[in-house]
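Take a look at the structure below.
Computed from a prediction, not measured in an experiment: that's the story for all the values here. Computed from heavy atoms alone, side chains included, the values below leave out hydrogens, waters and symmetry copies.
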Amino acid sequence: MPETPDHFLLICSTCTGALSVDVMRNALIGRLPTGFAVRTVTCMAGCARPTAVGFQAVGKAHYLFGDIETAEDVDALAEFAHQYRNVADGWTNATDRPQPLFTKTLSRLPRIQLEEPS
């Protein structure tokens, strides 16, 4: 039985970047760690820097990358997926991420921490 994904790589379907959604999806399938799923979403507000790609998982920081334009960028996304999967809170520094993503990080949102009731 296939494992239920708990990590997600999101590709913006409305971006009109150099690589199509299908090309990106096909290049990533089989290269992502166990537990990852690729999802296509409508607009992540990275329109000025297509193609926008996000990473999310429950209990982890969330990321949005833009200007994903080349096979090298897609390779960096696959590499980052492994890094992201292996970091408990999802938090990485720009200098630790694959070099092609260094200037392509649009946002990093901290993980949601639920407050304990008083």
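Looking at R108, its side chain never comes within 3.5 Å of a backbone N or O of H62 through a donor-acceptor pair. In this structure, the side chain of D96 does not engage the main chain of T92 through any donor-acceptor pair within 3.5 Å. Using a distance-only test at 3.5 Å, with no hydrogens or angles considered, no donor-acceptor pair links the side chain of S13 to the main chain of T40.
Minimum interatomic distance between R31 and V74 (heavy atoms only, all atoms of both residues): NH1-CG1, 4.4 Å. Contact detail for K104 and D67: the closest heavy-atom pair is NZ-O, 2.6 Å. Across every non-hydrogen atom of R49 and T103, the tightest pair is NH2-O, 2.8 Å. Contact detail for A81 and P33: the closest heavy-atom pair is O-CG, 3.6 Å. Taking all atoms of both residues into account, the shortest heavy-atom contact from C15 to A52 is SG-N, 3.4 Å. Closest approach of Q83 to P98, counting heavy atoms only: OE1-CD, 3.7 Å.
V21 is connected to F36 through a chain of hydrophobic side-chain contacts under 4.5 Å among Ile, Leu, Val, Met, Phe, Trp and Tyr, so both are in one cluster. Under a hydrophobic-cluster definition in which Ile, Leu, Val, Met, Phe, Trp and Tyr are linked whenever side-chain heavy atoms come within less than 4.5 Å, directly or via other members, L106 and V41 are assigned to the same cluster. Grouping the Ile, Leu, Val, Met, Phe, Trp and Tyr side chains by contacts below 4.5 angstrom, directly or via other members, places V23 with V38. Hydrophobic clustering (ILVMFWY, side-chain heavy atoms < 4.5 Å, transitive): Y84 and L64 are in distinct clusters.
Side-chain contact check for M24 versus V53: some heavy-atom pair is nearer than 4.5 Å. Contact annotation: the side chain of L10 approaches that of M44 to within less than 4.5 Å [non-hydrogen atoms, C-beta and beyond]. Within the 4.5 Å cutoff, the side chain of L77 has heavy atoms near those of the I68 side chain. Side-chain contact between D89 and K60 is absent, with no heavy-atom pair separated by less than 4.5 Å.
Expressed to the nearest 0.5 Å, how far CD1 of I11 lies from CG of D22 amounts to 9.0 Å. Within the model, atoms CG of L101 and CD of E72 stand 9.5 Å from one another, a figure rounded to the nearest 0.5 Å. For the atom pair R97 CZ and Y63 OH, the distance stands at 4.5 Å (nearest 0.5 Å). Rounding to the nearest 0.5 Å gives a distance of 10.0 Å between CD of Q56 and CG of L9.
F8 carries R39 over the face of its six-membered ring, with the cationic atom under 6.0 Å from the centre and within 45° of the normal.
For F55 and H7, the ring centers are positioned 6.0 Å apart or more.
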